[in-house]
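We count residues from 1, following the sequence as given. Please read all numbers here as calculations on a predicted model, not as lab measurements.
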Amino acid sequence: MTEEKVKQGEELLKNLSRLKDQRDRWERGVCFFRLELADVKEYNGRQNTFSIDDSFINFDEVKLLAIAKIDKRISEVQEEFDRL
């Protein structure tokens, strides 16, 4: 294995670890806390944030979507690692 492949493998392993940590966080989560939105950055680079009412968001649906997307990305990264 070349040095470049070893570095690629290390990066992929870091990415897998981060993704698995995110999945664990979503699996443990039960609700949103301190939910904020941001508007478009102004020409000077400033961005405004503001709190929103989370009663309009179905947490369980968002949780399922997030976990599904994370699982898909984990599979993709794992396949890429296996091909090294």
Side-chain angles (χ1 to χ4, degrees):
M1 186 178 275
T2 66
E3 186 176 329
E4 183 179 317
K5 286 194 179 225
V6 170
K7 287 180 182 178
Q8 268 184 313
E10 288 173 349
E11 278 302 311
L12 291 170
L13 287 174
K14 284 181 194 175
N15 199 2
L16 277 173
S17 178
R18 185 186 63 79
L19 288 165
K20 288 177 180 179
D21 178 59
Q22 285 296 307
R23 183 179 57 197
D24 289 343
R25 291 175 188 214
W26 273 101
E27 287 173 343
R28 289 192 326 258
V30 294
C31 66
F32 290 118
F33 180 71
R34 283 190 264 168
L35 198 56
E36 293 184 336
L37 293 178
D39 61 6
V40 178
K41 284 187 177 182
E42 297 177 9
Y43 67 94
N44 61 4
R46 289 185 28 204
Q47 192 171 33
N48 298 312
T49 59
F50 39 95
S51 297
I52 60 169
D53 179 358
D54 67 349
S55 67
F56 301 107
I57 303 168
N58 184 322
F59 176 80
D60 292 326
E61 289 176 1
V62 174
K63 181 178 178 176
L64 286 173
L65 269 171
I67 291 171
K69 287 183 176 190
I70 292 168
D71 284 342
K72 182 177 185 259
R73 186 66 186 128
I74 287 172
S75 293
E76 292 169 352
V77 173
Q78 184 65 54
E79 287 175 18
E80 188 177 346
F81 180 79
D82 292 343
R83 284 192 302 267
L84 287 180

> Rounded to the nearest 0.5 Å, what separation is found between the CG atom of Asp71 and the CZ atom of Arg23?
Replying inline: 5.0 Å

>> Listing request: all salt bridge (Lys or Arg N to Asp or Glu O under 4.0 Å) pairs with a residue in residues 44-69, at least two apart in sequence or in separate chains.
In response: none

>> Grouping I, L, V, M, F, W and Y whenever their side-chain heavy atoms are under 4.5 Å apart, do Ile70 and Phe32 come out in a common cluster?
In response: yes

>> Taking atom CD as the centre, does Gln47 end up with more than 12 heavy-atom neighbours from other residues, nucleotides or ligands that are less than 6.0 angstrom away?
In response: yes

> Under 4.5 Å between side-chain heavy atoms, hopping through other hydrophobics if needed: is there a path connecting Phe59 to Val62?
Replying inline: yes

>> Going by side chain to side chain donor-acceptor pair (under 3.5 Å), name the residues that satisfy it together with Asp24, two or more places apart in sequence or in a different chain.
In response: none

Return all side-chain donor-acceptor pairs below 3.5 angstrom for residues 9-17, not counting sequence neighbours, or 'none' if the list is empty.
residue	atom	partner	partner atom	Å
Asn15	OD1	Arg18	NH2	3.1

> Can Ile57 be reached from Ile67 by stepping across I, L, V, M, F, W or Y side chains whose heavy atoms are under 4.5 Å apart?
Replying inline: yes

> Restricting to pairs with a member in residues 26-40, which pass side-chain hydrogen bond (donor to acceptor under 3.5 Å, both in side chains), not counting sequence neighbours?
Replying inline: Asp39-Asn48

> Got a second to check how far Leu84's CG is from Lys5's NZ, nearest 0.5 Å?
Replying inline: 6.0 Å

> Tell me, which pairs form a salt bridge (Lys or Arg N to Asp or Glu O under 4.0 Å) where one or both residues lie in residues 75-84, sequence neighbours left out?
Replying inline: Lys72-Glu76, Arg73-Glu76

>> Return the CG to CD1 distance between Leu35 and Ile52, rounded to the nearest 0.5 Å.
In response: 4.0 Å

> How would you list all residue pairs meeting ring-ring contact (aromatic ring centres under 6.0 Å, His included) that involve residues 65-84, not counting sequence neighbours?
Replying inline: none

